[in-house]
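Take a look at the structure below.
If you're wondering where the values come from, they're calculated on a predicted model, not measured in any experiment. Side chains are part of it too, since the values below use all heavy atoms of this structure and drop only hydrogens, waters and symmetry mates. Here is the naming used below: chain letters follow the sequence lines, and residue numbers restart at 1 for every chain.
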Amino acid sequence: MAYWLFKSEPESFSFSDLQSAPNQTTGWDGVRNYQARNLLRDTIQVGDQVFFYHSNAEPPAIVGIAKVVQAGHPEPSALDHTHPYYDEKSDPGNPTWYQVKIQAVKLVEPHLTLTDLRAVPELANMVLLKKGSRLSVQPVTEAEWKVITTLAKGSKKEKRG
DNA sequence: GCCAACGTTGGC
DNA sequence: GCCAACGTTGGC
């Protein structure tokens with residue numbers, strides 16, 4: 001099992017949008033970057049876990065956890081000429097764009113902001129925190145996953161006490 | 001709204 | 001195949 005971080009602008013699709021979707025599940029469509037596409041198509045597997053990150057948000061933060069419920073398959077939106085994500089250059093017989101399906105697992109409350117994450121020495125090499133990193137589907141190491149989920153539990157405890 | 005960093009495009 | 005120009009991302 002592997003770990004990932006998916007970025008989304010909350011104005012376009014937020015974690016609460018995922019939670020209110022049928023089965024709390026959605027096809028992760030609209031990815032138009034080849035490096036991210038390759039991960040969606042070739043690498044990400046059912047059962048993998050995903051941090052749901054809000055970019056261009058105030059503040060930018062990890063806001064939830066999701067899991068992969070269907071591995072890579074051709075993205076329907078790219079082949080639907082009525083859809084905003086339609087790509088006329090993609091050949092339906094050999095589609096360019098792929099998606100996976102994810103399902104919400106739980107809210108991360110309070111959110112783990114970018115500032116919170118930068119403050120953690122163990123996360124110094126995280127892809128998200130690298131300067132100029134724009135990849136919208138990115139790998140998370142097991143060590144990073146553990147540190148971050150522990151942070152999430154810790155801050156919950158603090159709030160209670 | 002600004003702008004640095006990045007990915008893609010297209011002329012040559 | 002190089003690289004300048006352009007468009008996009010995304011933090012601030």
Side-chain angles (χ1 to χ4, degrees), chain A residues 2-21 26-44 48-68 72-102 104-141 143-145 147-152 154-155:
Chain A
Y3 304 96
W4 310 95
L5 182 144
F6 288 10
K7 290 183 191 173
S8 182
E9 303 195 9
E11 295 211 352
S12 135
F13 190 84
S14 69
F15 191 69
S16 67
D17 290 334
L18 177 60
Q19 288 180 303
S20 50
T26 194
W28 200 252
D29 62 0
V31 173
R32 294 293 180 268
N33 168 284
Y34 287 102
Q35 203 181 336
R37 188 282 309 269
N38 292 347
L39 293 173
L40 293 172
R41 186 189 58 190
D42 304 330
T43 311
I44 299 177
D48 286 359
Q49 294 189 266
V50 176
F51 286 132
F52 196 112
Y53 177 85
H54 281 174
S55 61
N56 263 318
E58 188 50 54
I62 290 174
V63 299
I65 291 173
K67 66 179 178 186
V68 176
H73 54 284
E75 183 203 288
S77 305
L79 305 174
D80 172 2
H81 65 82
T82 66
H83 197 282
Y85 291 155
Y86 176 63
D87 180 2
E88 59 183 3
K89 286 182 283 186
S90 176
D91 169 11
N94 182 21
T96 307
W97 305 115
Y98 280 68
Q99 67 175 20
V100 300
K101 282 190 182 156
I102 63 168
V105 173
K106 64 179 176 186
L107 188 67
V108 169
E109 190 62 50
H111 299 342
L112 291 173
T113 68
L114 198 55
T115 309
D116 294 336
L117 299 173
R118 286 197 199 284
V120 182
E122 294 94 324
L123 300 179
N125 292 322
M126 200 179 169
V127 175
L128 180 71
L129 305 183
K130 293 237 168 87
K131 184 171 180 173
S133 169
R134 294 174 14 179
L135 199 56
S136 66
V137 170
Q138 50 178 257
V140 172
T141 68
E144 289 161 354
W145 183 272
V147 168
I148 293 169
T149 50
T150 304
L151 272 183
S155 48

Just to verify, what does A/Y86 make a ring-ring contact (aromatic ring centres under 6.0 Å, His included) with, not counting sequence neighbours? none
Check the side chains of A/S77 and A/D80 for a donor-acceptor pair under 3.5 angstrom, ignoring hydrogens and angles. no
What parts of residues 54-62 of chain A reach DNA chain C, counting only heavy atoms under 4.0 Å away? A/S55, A/N56, A/P60
Output every pair passing salt bridge (charged side-chain N to carboxylate O under 4.0 Å, His left out) with a member in residues 82-91 of chain A, not counting sequence neighbours, ordered by first then second residue. none
Kindly determine whether A/W28 and A/F6 satisfy ring-ring contact (aromatic ring centres under 6.0 Å, His included), including the steps that lead there. CA-CA 9 Å; A/W28 200 252; A/F6 288 10; 5.2 Å; yes
Give the B/S/- string for nucleotides 3-10 of chain B, one per nucleotide from 5' to 3', where a protein heavy atom under 4.0 Å of the base yields B, of only the sugar-phosphate yields S, and otherwise -. --BBSSS-
So, for A/W97 and A/Y85, is the gap between ring centers shorter than 6.0 Å? no
Strictly by side-chain hydrogen bond (donor to acceptor under 3.5 Å, both in side chains), give each pair with a member in residues 119-130 of chain A just once, sequence neighbours left out. none
Do any side-chain atoms of residues 52-66 of chain A form donor-acceptor pairs under 3.5 angstrom with protein atoms, and if so which ones, sequence neighbours left out?
from  : atom 1 : to    : atom 2 : distance (Å)
A/H54 : NE2    : A/F15 : N      : 3.1
A/N56 : ND2    : A/E9  : OE2    : 3.0

